[in-house]
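We name chains A, B, ... by the order of the sequence lines, and we start the count at 1 in each one.
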Protein chains: 4
Amino acid sequence: MLWQVQPSGEVPIYRQLMRQVEEAIASGRLATGDRLPSHRELAEQLVVAPLTVKKAYDELERAGLITTQQGRGTFVSARAAAASRPERIERLREPVRRLVGQALLAGLATDDLHRLIDAAARDWARERKQSARRR
Amino acid sequence: MLWQVQPSGEVPIYRQLMRQVEEAIASGRLATGDRLPSHRELAEQLVVAPLTVKKAYDELERAGLITTQQGRGTFVSARAAAASRPERIERLREPVRRLVGQALLAGLATDDLHRLIDAAARDWARERKQSARRR
Amino acid sequence: MLWQVQPSGEVPIYRQLMRQVEEAIASGRLATGDRLPSHRELAEQLVVAPLTVKKAYDELERAGLITTQQGRGTFVSARAAAASRPERIERLREPVRRLVGQALLAGLATDDLHRLIDAAARDWARERKQSARRR
Amino acid sequence: MLWQVQPSGEVPIYRQLMRQVEEAIASGRLATGDRLPSHRELAEQLVVAPLTVKKAYDELERAGLITTQQGRGTFVSARAAAASRPERIERLREPVRRLVGQALLAGLATDDLHRLIDAAARDWARERKQSARRR
DNA sequence: GTGGTCTAGACCACC
DNA sequence: GTGGTCTAGACCACG
């Protein structure tokens with residue numbers, strides 16, 4: 001699987017990594033029991049400090065998404081992929097609430113949001129197709 | 001107008017303040033020429049350091065939303081409310097992009113988002129009505 | 001309050017620190033809202049790396065015992081001291097289970113444990129009195 | 001005799017093994033002269049690396065609990081079961097001290113501990129009976 | 001090889 | 001001053 005981080009951004013590197021792992025699990029690219037690259041190996045590949053990757057792994061472990069085994073490696077935990085559809089929907093509720101608040105306070109209507117969402121979804125599908133082609 | 005900040009949150013206090021001013025202008029609660037409380041006054045009211053409020057005002061002035069007049073006070077600038085509808089929509093594009101990405105990667109469909117948005121909008125309207133009644 | 005760590009031990013320094021904070025909260029020496037020393041200050045005092053103290057604080061925050069505020073400091077969180085008596089008892093259940101298993105497998109009886117406990121409690125009370133006198 | 005380890009736990013596998021041997025000897029399930037399975041055999045059975053079992057055996061031999069006889073196998077040593085009652089009690093002193101400290105610092109009394117111990121002992125006896133029935 | 005811990009610096013944003 | 005992040009090394013225990 002392909003990993004990448006942008007060190008210059010304002011999002012901390014370790015959070016960028018966490019997000020990629022979360023999304024990989026949510027989307028099924030990483031399944032229960034799959035092994036993640038060792039934090040040193042991934043650090044070398046991404047040209048960041050090992051501790052940085054380690055911190056991302058540590059937080060993911062505390063969140064229950066992955067588990068580590070001394071001397072063996074780091075694996076996607078059983079609990080991780082178990083998120084059911086209602087659960088995944090629930091996780092969107094708060095971000096949606098914030099977005100709706102922002103839009104309505106700006107004097108826009110939900111219809112504007114619906115249009116933006118469909119547009120974003122089209123873009124997203126197109127980008128996916130392209131990045132798949134590159135592989 | 002009512003101001004409030006949460007010191008314990010992730011978001012810096014000065015950004016919370018900026019956001020409230022921006023939303024107040026976008027929604028019309030603050031109109032061109034309206035006077036903002038002095039940064040000392042507001043700081044006292046919110047129990048935060050004056051420098052913190054000052055920083056929020058400074059950044060808002062740099063963004064052109066407000067203007068300071070020596071010895072008279074701080075006012076909503078003429079340009080501020082001029083944020084056109086296309087502009088306000090543009091500001092939503094990136095947050096929407098992120099939300100859609102999150103949803104699709106989790107295996108959900110845009111329809112799920114549409115439903116969540118309508119639900120959130122209903123909640124938002126109801127809360128507004130209640131908080132208006134309390135005043 | 002007095003802090004101390006033993007760098008040569010087999011227990012990681014950051015865990016020794018975590019334990020001290022936990023105990024200080026459990027015993028009421030640290031109450032809700034109390035401020036902890038900054039991680040740099042404490043690191044200097046203990047002659048350890050700031051990151052080491054930081055790691056202890058980070059884990060305690062993730063556990064909900066303390067909260068940090070950008071630029072202000074680190075404080076005992078409201079949830080922390082709220083542990084009710086049943087809760088505190090519950091936390092002893094697993095350690096007790098292990099201890100009992102160890103004793104019974106070794107062919108000892110619960111009476112032996114009861115005696116050991118009373119002896120340890122007497123020692124504990126005496127040590128406390130002495131350390132209080134030293135203060 | 002039944003052996004089992006949990007690879008995902010905090011405790012190193014070789015220590016889990018050591019502990020099981022120690023407990024088996026202390027409780028009499030393993031007596032002086034009894035033969036332990038070869039480290040390869042046990043490794044295969046537990047699906048762990050042979051080196052891991054070897055390490056556990058090595059440390060147990062260094063502690064004098066077992067002895068290896070070239071080409072014949074590994075046996076519970078004569079000295080092993082000799083742990084006298086005072087000795088076995090002594091080994092509990094430190095764990096008890098920690099437990100008591102934790103309880104008293106949390107504002108609980110020794111009576112609470114006594115109750116918890118009796119409860120845990122009852123559970124332990126019941127579980128033993130059940131697992132014996134299963135065999 | 002793996003993960004677990006620690007150091008001694010550094011730069012940044014925030015208050 | 002505070003906390004937040006990152007680096008480039010190091011040593012140890014585990015498998």
Enquirer: Reading DNA chain F from 5' onward, which residue's closest nucleotide shows up sooner: Arg15(A) or Arg35(C)?
Expert: Arg35(C)
Enquirer: Quick one: do Asp58(D) and Arg62(D) satisfy salt bridge (charged side-chain N to carboxylate O under 4.0 Å, His left out)? Show the steps, please.
Expert: CA-CA 6 Å; Asp58(D) 282 351; Arg62(D) 217 172 305 140; 5.3 Å; no
Enquirer: So what does Lys55(D) touch, heavy atoms closer than 4.0 Å: a base, only the sugar-phosphate, or nothing?
Expert: sugar-phosphate
Enquirer: Looking at dG15(F), I'd like to know if its phosphate oxygens (OP1 or OP2) sit under 4.0 Å from a side-chain N or O belonging to Tyr14(D).
Expert: no
Enquirer: For the pair made of CD in Glu44(D) and C1' in dG15(F), what is the distance, rounded to whole Å?
Expert: 18 Å
Enquirer: Between the side-chain atoms of Arg72(A) and the base atoms of dG3(E), is any donor-acceptor pair under 3.5 Å?
Expert: no
Enquirer: Within the 3.5 Å criterion, strictly below it, is a donor on Ser38(C) or Arg40(C) matched to an acceptor on the partner's side chain?
Expert: no
Enquirer: Convert the base pairs of DNA chain E into dot-bracket notation, remembering that pairs crossing earlier ones are written with [ ] and that bases paired across to another strand are shown as |; include only Watson-Crick or G-U pairs under 3.5 Å.
Expert: ||||||||||||||.
Enquirer: Between Thr68(D) (side chain only) and Thr74(D) (backbone N and O only), is there a donor and an acceptor less than 3.5 Å apart?
Expert: no
Enquirer: What's Glu41(A) touching, base or sugar-phosphate or nothing? Going by heavy atoms closer than 4.0 Å.
Expert: sugar-phosphate
Enquirer: Is any side-chain N or O of Thr74(A) closer than 4.0 Å to OP1 or OP2 of dT2(E)?
Expert: no
Enquirer: For Met18(A) and dT5(F), give me the distance from atom CE to atom P, rounded to whole Å.
Expert: 11 Å
Enquirer: Whole-Å distance between dG4(F) P and Asp58(A) CG?
Expert: 16 Å
Enquirer: Less than 4.0 Å between a side-chain N and a carboxylate O, is that true for Arg97(D) and Glu94(D)?
Expert: yes
Enquirer: Within the side chain of Thr52(C), is there an N or O that forms a donor-acceptor pair under 3.5 Å with the backbone of Tyr14(C)?
Expert: no
Enquirer: Could you state the atom-to-atom distance from NZ of Lys54(C) to C1' of dC6(E) in whole Å?
Expert: 15 Å
Enquirer: For dG3(E), does either OP1 or OP2 sit under 4.0 Å from a side-chain N or O belonging to Tyr57(A)?
Expert: no
Enquirer: Which nucleotide, dG15(F), dG3(E), dC14(E), lies nearest any side-chain atom of Ile13(D)?
Expert: dG15(F)
Enquirer: Kindly point out which of dT5(F), dG3(E), dT5(E) is positioned nearest to the side chain of Pro12(C)?
Expert: dT5(E)
Enquirer: Separation of Glu10(A) atom CD from dC6(F) atom C1', in whole Å?
Expert: 16 Å
Enquirer: Whether Lys55(B) and Glu59(B) form a salt bridge (side-chain N of Lys/Arg under 4.0 Å from carboxylate O of Asp/Glu) is what I want to check.
Expert: no
Enquirer: dT5(E) C1' sits how many Å from Leu17(C) CG, rounded?
Expert: 13 Å
Enquirer: Do the charged groups of Glu90(C) and Arg93(C) touch, with an N to O distance under 4.0 Å?
Expert: yes
Enquirer: Tell me: NE2 of His39(C) to P of dA8(E), nearest whole Å?
Expert: 15 Å
Enquirer: Kindly point out which of dT7(F), dG3(F), dG4(E) is positioned nearest to the side chain of Ala49(A)?
Expert: dT7(F)
Enquirer: For the side chain of Thr52(D), starting at C-beta, report the closest nucleotide among dG15(F), dT7(F), dG3(E).
Expert: dG15(F)
Enquirer: When you measure from the side-chain N and O atoms of Ser38(C) to the phosphate of dT2(F), is any distance below 4.0 Å, counting only OP1 and OP2?
Expert: yes
Enquirer: Using 0.5 Å steps for rounding, measure from the CG atom of Asp34(B) to the CD1 atom of Ile66(B).
Expert: 12.5 Å
Enquirer: Using a 4.0 Å heavy-atom cut-off across all strands, classify Leu51(A) as base, sugar-phosphate, or nothing.
Expert: base
Enquirer: Separation of Gln16(D) atom CD from dA13(F) atom C1', in whole Å?
Expert: 15 Å
Enquirer: Looking at Leu92(A), is its backbone amide N or carbonyl O close enough to the side chain of Gln102(B) to form a donor-acceptor pair, meaning the two atoms are under 3.5 Å apart?
Expert: no
Enquirer: Tell me whether the OP1 or OP2 atom of dG4(E) has a side-chain N or O from Thr68(A) closer than 4.0 Å.
Expert: yes
Enquirer: Mark yes or no for a side-chain to base donor-acceptor pair under 3.5 Å between Arg40(A) and dG3(E), with no hydrogen or angle criteria applied.
Expert: yes
Enquirer: When you match Val48(C) and Gly71(C) each to their closest nucleotide on DNA chain E, which lands nearer the 5' end?
Expert: Val48(C)
